[in-house]
Amino acid sequence: MYMVYWTVFEETETRPHAEGFGTDEMVKAMGFMEELRRRQRAGEGIRFITMCSEHPDVVGHPGVDVTGPDYNWRKRRP
């Protein structure tokens with residue numbers, strides 16, 4: 001799944017917005033972002049246009065996890 005986030009700046013207030021897209025709609029989400037950027041370039045008060053994704057079938061937990069005693073990472077170069 002993809003989420004596009006943006007903020008609309010008006011004279012005295014800001015309003016955050018979000019729009020969701022399905023896992024198979026990345027191109028559609030990117031096109032939506034480009035439309036927001038086009039409006040931004042035309043002078044509308046649209047800022048902070050960004051997209052993030054989260055796959056519904058992800059195997060692990062997001063973020064940093066605790067490693068076990070058998071974890072043996074070494075820096076490759078000194």
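Since this is a predicted model, take the numbers as computed values, not measurements.
Under the side-chain contact (heavy atoms from CB on, under 4.5 Å) criterion, Glu13 pairs with Glu10, Arg15, sequence neighbours left out. In this structure, the side-chain contact (heavy atoms from CB on, under 4.5 Å) partners of Ser53, at least two apart in sequence or on a different chain, are Tyr2.
Other members of the cluster containing Tyr5 are Met3, with ILVMFWY side chains joined at under 4.5 Å, either directly or via other members.
Proximity of a side-chain donor or acceptor of Thr23 to a complementary backbone N or O of Met1 within less than 3.5 Å is detected.
Taking CZ of Phe9 as the start and OG1 of Thr14 as the end, the distance is 5.5 Å to the nearest 0.5 Å.
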With a 3.5 Å cut-off and sequence neighbours excluded, list the donor-acceptor pairs that the side chains of residues 30-40 form with protein atoms.
{"from": "Glu34", "atom 1": "OE2", "to": "Arg41", "atom 2": "NH2", "distance (Å)": "3.0"}
{"from": "Glu35", "atom 1": "OE1", "to": "Arg38", "atom 2": "NE", "distance (Å)": "3.1"}
{"from": "Glu35", "atom 1": "OE2", "to": "Arg38", "atom 2": "NE", "distance (Å)": "3.4"}
{"from": "Glu35", "atom 1": "OE2", "to": "Arg38", "atom 2": "NH2", "distance (Å)": "2.5"}
{"from": "Arg39", "atom 1": "NE", "to": "Glu44", "atom 2": "OE1", "distance (Å)": "3.2"}
{"from": "Arg39", "atom 1": "NE", "to": "Glu44", "atom 2": "OE2", "distance (Å)": "3.2"}
{"from": "Arg39", "atom 1": "NH2", "to": "Glu44", "atom 2": "OE1", "distance (Å)": "3.0"}
{"from": "Gln40", "atom 1": "NE2", "to": "Ile46", "atom 2": "O", "distance (Å)": "2.8"}

